[in-house]
Structure formats: structure tokens, C-alpha cells
Amino acid sequence: MQFFNHIAEALTIYFKDEYEIELSSSDVQIQPTRKEFEGEYTLVVFPLSARVKKAPPVFAEELGEYLMLHSDFVDGYNVVKGFLNMSLSAHFWREMMEQVSDTEAAFKNMDYRGRLVLEYSSPNTNKPLHLGHIRNILLGWSMYKIKQRCGHEVIRTQIVNDRGVAICKSMWAWDNYAEGETPDSSGLKGDHLIGKYYVTFDKVFNEEYALWQNSDEAQKYYKDHAEDGQSPADFFKKFKNRYFNEHSKIGSEVRKMLLLWEEGDPQVTQLWKKMNDWVYAGFKETYDKLEVTFDKTYYESDTYKLGKDLVEQGLEKGIFYRKDDGSIWVDLTDAGMDEKLLLRGDGTAVYMTQDLGTARVRYDDFKMSEMTYVVGNEQDYHFKVLFEVLKRLEESYADGLYHLSYGMVDLPGGRMKSREGNVVDADDLIEEVIQTAHSSVTERGGLEGFSEEDQKENIRRIAMGALKFHLLKVNPKKRMVFNPEESLDMQGHTGPYVQNAYVRIQSITRKMSDHTLTGFEDYRDINEEEKALIQLLLAYREVVLKSADEHDPSHLANFLYQLGKTYHRFYHEHHILRAESDAAMSFRFKLSQAVGQTLEDGMELLGISMPERM
RNA sequence: GGCUUCGUAGCUUAACUGGAUAGAGCACUUGACUACGGAUCAGGAGGUUGCAGGUUCGAAUCCUGCCGAAGUCACCA
């Protein structure tokens, strides 16, 4: 910020003239003064006094005196231990008010930071989106907005996992049990319909498995393979996957389906396409409700064979090696990781192979210098390895790779398990939040006189504001326990609270049309609340940059809450339209406008729209 | 077991990357201008920052060791 530079410059000159010491910018630490002390900004003197070997309080006095004399901005000071609290002049506040009023100016002329490919959704086509996906998607969308604001050119992508055993299970179950059921005939959203048959498969398979467990064959297996003291229940729980692959009748049918799919069998392909189209229509609906879009969608069915040539190249370069069975590996033990398989002995790909290939394809498509993956922290190790391998392959974007790893969303009862049915479905959740906002709004009657269409839109914005803010206000890295009731809160530290500050300002703006703005330059006695607002507005740009650099929208969300809170307080303490003078009214109105614009802009960066009324 | 991440008020969380007396919200409780919109505001109560050491002017933050939680260590995705 300009003021920080101003002080830093003054101090640099002072240190040079007085002590012949070159200051670096990190020596100068300025922070807002804590509210229990007098002043608005505080210089932390410890690092500076250490440079000249003087006692901090004594040196703070010395600097305070110097700044009083040599800066128009510093009007007074006091010293508490090693802290120099500065009070700033009316001249400072007026000048900052000018600066802050031009809300557009803060992000003009940002340096171009290059092209960034951002992957922020990777759904499976065998089940609908749930709460975890929502956190993923909202984080990604916000990062897109923030990165773009800070000078990046962002390409938004998703990778759809549209192949494999899982989708074949749904296909098999649909084929055998659906009797031709479609989204149209059932009234179910496409992704929910497919999810339904995924569950059907699980049920049928479990029944088959339970039956088998009583057979002589199964009993023999138990006797031959169970560990000492292992109960049948325990044994068969662990054996389930092997049963599917080696004994199950329907398991073999599903695996056959997968093989047919891989061979491009027309009938299976047709079924696969039909069902996937249903799912995509369902996903699109959910994405629309979340207000997100993509520039480019990658499908695993296109990419799952990629990456083999990259692996071959690595082998030629000598950074990978081949084992006797023909499989290809990379040894990362020198980087503190393991040996990692990159290609199976039979030449087929593993997950890692695909990801290597997909990264290269994206480079071919976009020539990006950076790439960010928004993926849950259960894959931390995978990405660590992936990035290391890409680095060894000397991919040009390797230094620009980042895994935006977010914590799992758990429910009060523990982890979400789709098989056990305790998942929070994305569509259900959105519906529920909208319902809550609806009853909340009708209770208050804030939208009376609006057309039905406008009411609906305002309610939607409030509801989505609540949900999005709830998920974005916490540090992405942290695992979060999602209490459905709390996400529906609309008071306190919430999206609607911030929206309410904005709505109040809009209300004032509408009424202001009767008044004329005159003489705000003459306003002298700038009060505490006004100063606090200006200070916050001055910090906005820094906060956005910080969120961009740290890949963390929660800084921005918490800042907006703080700004809203400070405005609510100001609003309560001081009259605006009925201010004591024209000058005060103009000043406060202008300040309110700046706050309103900043709130709206900041929420937009979180993917949240403002209602006009609520 | 190895590695990674995380333990802050009853609950959900913040702390400008080592700065002042750890700051909010929910819940609980006492109040508020004959309303520029009460989805608001002011106050009260609630903390040995998991435990024990260490580093220094100064530690929730850095180091070490415990205790507890989660994730991950597949020729799964």
C-alpha cells in the first residue's frame, strides 16, 4: 500500500543519513493498530532497533519524532514497548478517500502472469455429485476468478472419469433391471438414475456374495486362507474384491462388459454413450445451479491410453527403468518418495500414466506455463509423485504445477460413504438451502412488491450466498465437519450477513437520488468508524493478491465479513442521509458507495452474487 | 509400522507467516435509536492454543519428544 511505501521510504532515508544503514523492505513492518491503543497504524520497531542496537522503546520515540517532522501523514504518535502507534492526519484520510473511491483503479495495469490451466472438477459418471464435489468446485471457481483478477489467463477444465469398472456396474445393472427406464420415463435426473443403478448393482452383488459364503467352496476358502483367529465375517469382508474378480457370476459379466467396451463393441458402446449422456445432462444442471462453466472438458475414455510414449521417452533418457516382467518404474527414493510403477508389464496404463499423458495433452492444447489441480488431500502423495516425475521429464510447465489440496468434508457422524447412503447429495442440498432462504424471506417480507421472477432470483442469490460462503470461509486445507443446519444459517458470520450490508447501501443509494452531493472535501472530523472503513478498503487489493498467491479464497471471504461488519457498525452509529452537515452526508455517501462496490466485487470473486433486496 | 497433514471457548473457526492483553460467529445471557431495512448494533459469560521441554526481547506459529485424529503407502481410480 502507498502509505507503507511512504513510511518505508522515509525510514530508508533516515537510516542512511543517520546510521549509514541500508534498510530492506522486510525490516519495515506496519500493521493496523489494535483497537485498545490510540492510533491507526503501528510500526513494529524491534527489527529496526536491533539494527542500530538501541532499546526498542527509546528508538521508537526517536522514529516517532522523525516521522512527525518529515511526513504530512503522521499527525501524532505514542510508544508502547517496541511498538510505535501513529495517528494520521486529516490530509491523509482525505487523500486515501480519493484513492478508495476509485474502486476500479486497484486492479488496473496488473502485470500479465501467464496462462494457467485450472482443473477443478473430476466427477465419476456412475454417481451424482455430492457435498465434497461442491467444495471442490466452489474452491476452483473462486480461484479462477481470483487468479484472473490478479493477471493470470485461466483455462478452466474438468476431467470426467467416464470409463472403468464402476460405470460398467451401473450399465450392467441398468441392462438387467431397469426395463428400459430413462430420465424421461422416471422423472429422475440422469445422474441420479445412473446412481440408482449403481446402488442396485451393489445390492444384487451383495446378495450373491452372501449366498456364496454359505457354499462349500466358500467354506473351504475360509479354512485354507483365513488368518489365525480371523472370524468369517472379517475374512469375507476382506475377500470381497477378490470374490468379485475371481468367483462372482455377475462380477465376470461386468468385467466382460469392460472388455467389450475396450474392444469398441457397438452394443456396449451404444449403451455407454446413452447412459453417459444422461449423466452429463444431470451434471450440467448441477453446474448451472452452482453457476460454474468450463472452457474444456477432458474425458478419461480419450486420455486413458495416453502417457505411454512419455514413459517410453523417460526410459530412453534413463530416468525410468524396466523390470524383468517388462513393467516400467521410476525410483524416487532420492527425493524421499518410493519406487513407483508407471506402466504395467502388459503395457497397459495405470492412473499415473494417464495423468502424465493428460498433462502433456493439455500443454499441447494450451501451452500453459502453470497448471493447478483442485483435488482432495487424499491424493496428496499421488500429486507429489506426478509433479516430481514431470519435473524429471523436464516438462516446461513443471515448475508451475500446484495441487490445491483441500480437506475432506465429513459429516457429524463421520466420513461420507456413498455405499452406506450417508452422502449429502449436491442437488438435495441446494434445494434445501433455497427452501430455507425462501421461508426466511417470506417471514421477513423484504421482497414484497417484487415480481415472482425477481423474488425467486433474489432468494436464489441469498441461498447460494449462504452455502458458498459457508464452504469458502474456512481454510481449504482444513478438513471440515459439515453440519447441514449450520450451512443454512443466515445470521452472523455468513454470506447473507455480507449481502445485507450491501443491500443496505443499495437502499441508501435509491433514496439518495433526491439529494445532491456537495462539499465532501470540507468534511473535517472523520470519525473512528469511517477511518476503519477506509483502512479496510485500502487493504482490499492486498487481500485479493494474498488469496491468489496462497491459493486460498478464505482470506478474501473473511475480509469481506470484516468489511461488512465494520459497515454495519458504522451504519448504526452514524446517520448518512440525515447527517449533521452536507459535507458529512456527501462523505459518508461516497464512502458507502465504495464499500458497496468492494463488497460486490469481492463476493463476485467468490462466485457469489448480490441480491438487490432481501 | 513408514511418510504427510491436523489438534485453538461447548460447537464452527481467525490470527497479516515470530509481534502487543489469542479475534470472531453459533448457542447461552442483558440491553438498543418513536428504524437511512432489526438477516443489524452494544454488553456479559466462556481459553493453561492436546501435553512436556527447548530456541529469544517476544511462540498458537519454529525445533525435539510424547498423546490423539485423519489421509496415504495397490500392476485401484
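A, B, ... follow the sequence lines: proteins, then strands. Residue 1 opens every chain.
Using a 4.0 Å cutoff on non-hydrogen atoms, the parts of residues 328-341 of chain A near RNA chain B are A:D338, A:L341, ordered by number.
Between B:rC41, B:rG71, B:rC36, one nucleotide has an atom nearer to the side chain of A:E378 than all others, and that is B:rG71. Comparing B:rU72, B:rA77, B:rA20 by their nearest atom to the side chain of A:T42 picks out B:rA20. Closest to the side chain of A:Q379, out of B:rA20, B:rA77, B:rA39, is B:rA77.
Figure legend: cation-pi geometry between A:R135 and A:Y406 absent, as NZ or CZ is not positioned both under 6.0 Å from the six-membered ring centre and within 45° of its axis. Seen from the ring of A:F59, A:K53 does not count as a face-on cation partner, given the 6.0 Å and 45° thresholds.
Relative ring orientation between A:Y304 and A:W261 is described as tilted, the plane-to-plane angle lying within the 30° to 60° band. A:F83 and A:F46 have perpendicular rings, their planes meeting at more than 60° on a 0 to 90° scale where under 30° would count as parallel. Note on ring orientation: taking the six-membered ring where Trp is involved, the planes of A:F469 and A:H493 are perpendicular (angle over 60°, cut-offs 30° and 60°).
Glycosidic conformation of B:rU17: syn, with the torsion inside 90° of 0.
For an aromatic pair to be called close, the ring centres must be under 6.0 Å apart, and A:F387 with A:H403 fails this.
B:rU72 and B:rA39: their C1' atoms are spaced 43 Å apart (whole Å).
Side chains of A:Q562 and A:Y567: a donor-acceptor N/O pair is absent below 3.5 angstrom, by distance only. For the 3.5 Å distance criterion, the side chains of A:S327 and A:W329 qualify, holding a donor opposite an acceptor.
Taking only distance into account, the side chain of A:E550 meets the base of B:rU17 through a donor-acceptor pair shorter than 3.5 Å. Side-chain N/O atoms of A:T494 and base N/O atoms of B:rA39 include no donor-acceptor pair closer than 3.5 Å.
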Summary of protein contacts for nucleotides 8-16 of chain B, nucleotide by nucleotide, where a base hit scores B, a sugar-phosphate-only hit scores S (4.0 Å, heavy atoms)
---SSSSSB
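Rounding to whole angstrom units, CG of residue A:L536 and C1' of B:rG23 are separated by 14 Å.
The phosphate of B:rA70 (OP1 or OP2) has no side-chain N or O of A:Y406 nearer than 4.0 angstrom.
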